[in-house]
A.B. asks: 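Submitted below is the structure of interest, expressed as structure tokens.
What you see below is based on every heavy atom in this structure, not just the backbone, and it leaves out hydrogens, waters and symmetry mates. It should be emphasised that the depicted structure is a prediction, and the values quoted were computed from it without experimental measurement.
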Amino acid sequence: MSELDDVGAMIEVTYAELHRIADGYLRREQHRSVQATELINEAYLRMAKGPAQHFQNRAHFVAIAAIAMRRLLVERARARHAAKRGGIQVQVTLNDAILRGGGESAVVDLIALDRALDDLARQDAEQARIVELRYFGGLSVEETAEAMNLSPATVKRHWTFAKAWLLVALEGQKHAGG
Amino acid sequence: MTVAVNPGSEEFRRATDLFFRALDVAPEQRDAFLVGACGSDTALLAQVRALLDAHVRNDKFLETPTHMMNPLAARKSYATPGDLIGKYKIERILGEGGMGVVYLAWDDGLGRHVAIKALSPAYTQDPNRRERFQREARAAAALSHPGIPRVHHFEEYAGDFFIVAEFIEGETLRPGITRGAASVASVIETASGIASVLAAAHDRGIVHRDLKPENVMRTPQGQIKILDFGLARLRDFNSTDDSLTAPGSVLGTPAYMAPEQIRHGSIDGRADLFALGILLHEMATGIHPFLARNPASTIARILETEAPPLGASSAGQSDGAGSAIMRAALDAIIRKCLRKAPEDRYSSAHELLAALDRARDGRGPSGAIPTGSPGPRQWWRVHHLVTCVAYGGLMVPMWMARQSIDPSGSGSRLGMVLFLATLGAAVASMVLRLHLLFTASSIPGQWVRQYRHATPWLRLSDSIAVLGFLVAGAALIVGNTHEGLAAVLICAGVITRLSFAVIEPATTRAAFDQDG
């Protein structure tokens, strides 16, 4: 429990920093395209420069980085989305909200994912955390297990279910949104 | 909206449970199983069906973590082949980095190739920043060191800013690392090349800040050239004008950053030594000592974890006994470069250079014979002296046994031959041992080479001597004479053999960090 409180406090500390990064990114991107990797490294580095000394261990650090990353990316996507809605373009392709992984099927709408992840957390906080660590933190099943003090088998099981659940939820949102 | 799982923990649990139970059932029987399990609960049935369908249908969903993805945005193109930037004709792209694009161009006036680095507008848009940047790039250019590419001049073209520099042929260190671990000798040579360039730059107050294999080139002549000197200094400007350049402050990967660089950004030349330590470790093993699957873990490792030891040389590049000593020396050097606190590292690139010179000569970081504490070294000496004395002493029973050795009793020629052979081998072994003792104490720089040369001969003469003792002992037993002598000789043979197999390698390793 104390660990969770600590994580919460840590996020509050790093959030302002990450917010500033996102703002800076958005203001500048008409001049320069920034790769996602650079942005993400930036988020991690900013965190390391900040309260890194207080992190209890590597797993702890990674967990916070994953949460921070989720916030940063979603924030960015929202701002971009809002800008598009307000402008002349009403096309909702959400170019910037979508990150493309390998292949068509890996296209993810980050804003919708964020919402679905919150829903999932209400059902099962552990599963939502696993998704954060795996997807936003880039951790393997084993690393996630270590960070959360679970067995790899449990993580794998939760991960399998959470992915299916989120996909259903995302498709549900899409239908509901028209 | 019948498919979405409604809030409510009980339903969620039932759906989870059913989902996994259904997964255990063969695909073609799954639906029948579900219908049976859900009974009248059609909502649950629909949920689990949708979940299973999603699971089967989309196995790639969320499997690529965000940091592996690329946003759907194109990089800026500054020029295309055939374009003229000033008097330079663009030929092709040499490389792309976080700071911009590097082109190969032809200087028709001087008839030579140049490298043109287009700088991302993020660095050059603001006149103040551009001015500061130019000053910085000029300072680096003014170093005029053979290990740093010359900067010819700066060009502005269509609102973009370009640095025109000497074109370096050759390849960066990255392809070599990708091919696998390099020999210790070549790592030390590369390290010396880099350290001497760093020393010259640090003397002028210029820190590289972004040293990595991609920034170090080896020309076909074997010369080391360090690219992008001082350019990384641009990051410093971010701190004064954060909103403008935040993402630009991290160019690519943080994998070569020193802990103090990650933590507070205030650094000096010793941060370059840390980066060099990583680079050397990577060259020597083929593996980055801190790189993890995600950036956060990499940073955490740089901040907290010790680099693994270099370990034994891998197969295919064992170049004799000396390399083990050099490897130990290199390991100590890398370890010192990779100390987390800058004050624990070498105080300057010059100091590192001196340590590398000693390592190349087969001496350790201390300047004497590589590492090892006085205790083991003393035992190593005692071992060799005792062996010499024992050989001398054993010649007495050998001499006494020579006449009784010929079993037929027809003469003592065989015994004499055996005695002389054993004597020769023992003397050879004694001479070699004394030679090693002498070398170790008087000309330590030569020790590695001498040890490498002497070891096979030492093994051969020892083996002959041991064989001599055993054969003589056995002959005495067969001849049923001088049982006492026989026992002495056989015991001596066995003990000597054991000593070579067990004691000698251990003491040598302890004394010199070296496999005996």
A.B. asks: Got a second to check how far A/Gln123's CD is from B/Glu10's CD, nearest 0.5 Å?
C.D. replies: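 Spacing of CD (A/Gln123) from CD (B/Glu10) equals 11.0 Å.
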A.B. asks: Using the side-chain contact (heavy atoms from CB on, under 4.5 Å) rule, take A/Lys163 and B/Glu63 through it: C-alpha gap first, then chi angles, then the decisive distance, then the call.
C.D. replies: CA-CA 9 Å; A/Lys163 276 194 306 172; B/Glu63 284 295 345; 2.5 Å; yes
A.B. asks: Given side chains that start at C-beta, do those of A/Leu167 and B/Leu51 come closer than 4.5 Å, heavy atoms only?
C.D. replies: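 The answer is no; the side chains never approach within 4.5 Å.
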A.B. asks: Should we count NZ of A/Lys156 as having more than 12 external heavy atoms under 6.0 Å?
C.D. replies: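 Not buried by this count: 12 neighbours or fewer within 6.0 Å.
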A.B. asks: Just wondering, do B/Arg13 and A/Asp124 contact through their side chains at under 4.5 Å, heavy atoms?
C.D. replies: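 Contact flag for A/Asp124/B/Arg13 side chains = yes.
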A.B. asks: For A/Ala164 versus B/Ala54, what's the shortest heavy-atom pair and its separation?
C.D. replies: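 Nearest pair, atom of A/Ala164 first, then B/Ala54: O-CB, 3.8 Å.
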A.B. asks: Quick check on A/Glu132 against chain B: is it the side chain, the backbone, both or neither that has a heavy atom closer than 4.5 Å?
C.D. replies: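 Neither; nothing under 4.5 Å.
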A.B. asks: Output the distance between atom OG1 (B/Thr16) and atom CH2 (A/Trp165), rounded to the nearest 0.5 Å.
C.D. replies: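 One finds 10.0 Å between OG1 of B/Thr16 and CH2 of A/Trp165.
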A.B. asks: So for atom CZ, which belongs to B/Arg174, do other residues, nucleotides or ligands contribute more than 12 heavy atoms lying within a distance under 6.0 Å?
C.D. replies: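 Count over threshold, so yes.
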A.B. asks: Walk me through it: do A/Val168 and B/Asp53 pass the test side-chain contact (heavy atoms from CB on, under 4.5 Å)?
C.D. replies: CA-CA 9 Å; A/Val168 169; B/Asp53 173 60; over 6 Å; no
A.B. asks: As a quick check of understanding, evaluate side-chain contact (heavy atoms from CB on, under 4.5 Å) for B/Phe19 and A/Thr160, giving each step before the final call.
C.D. replies: CA-CA 10 Å; B/Phe19 175 82; A/Thr160 305; 4.2 Å; yes
A.B. asks: Is the A/Tyr135-B/Phe61 ring centre distance short of 6.0 angstrom?
C.D. replies: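 Centroid distance A/Tyr135-B/Phe61: not below 6.0 Å, so no.
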A.B. asks: Assign the ring pair B/Phe12 / A/Phe161 to parallel, tilted or perpendicular, where the plane angle (0 to 90°) is split at 30° and 60°.
C.D. replies: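 Perpendicular: the ring planes of B/Phe12 and A/Phe161 meet at over 60°.
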A.B. asks: Which residues pass the salt bridge (Lys or Arg N to Asp or Glu O under 4.0 Å) test with A/Asp118, not counting sequence neighbours?
C.D. replies: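 So A/Asp118 forms a salt bridge (Lys or Arg N to Asp or Glu O under 4.0 Å) with A/Arg70.
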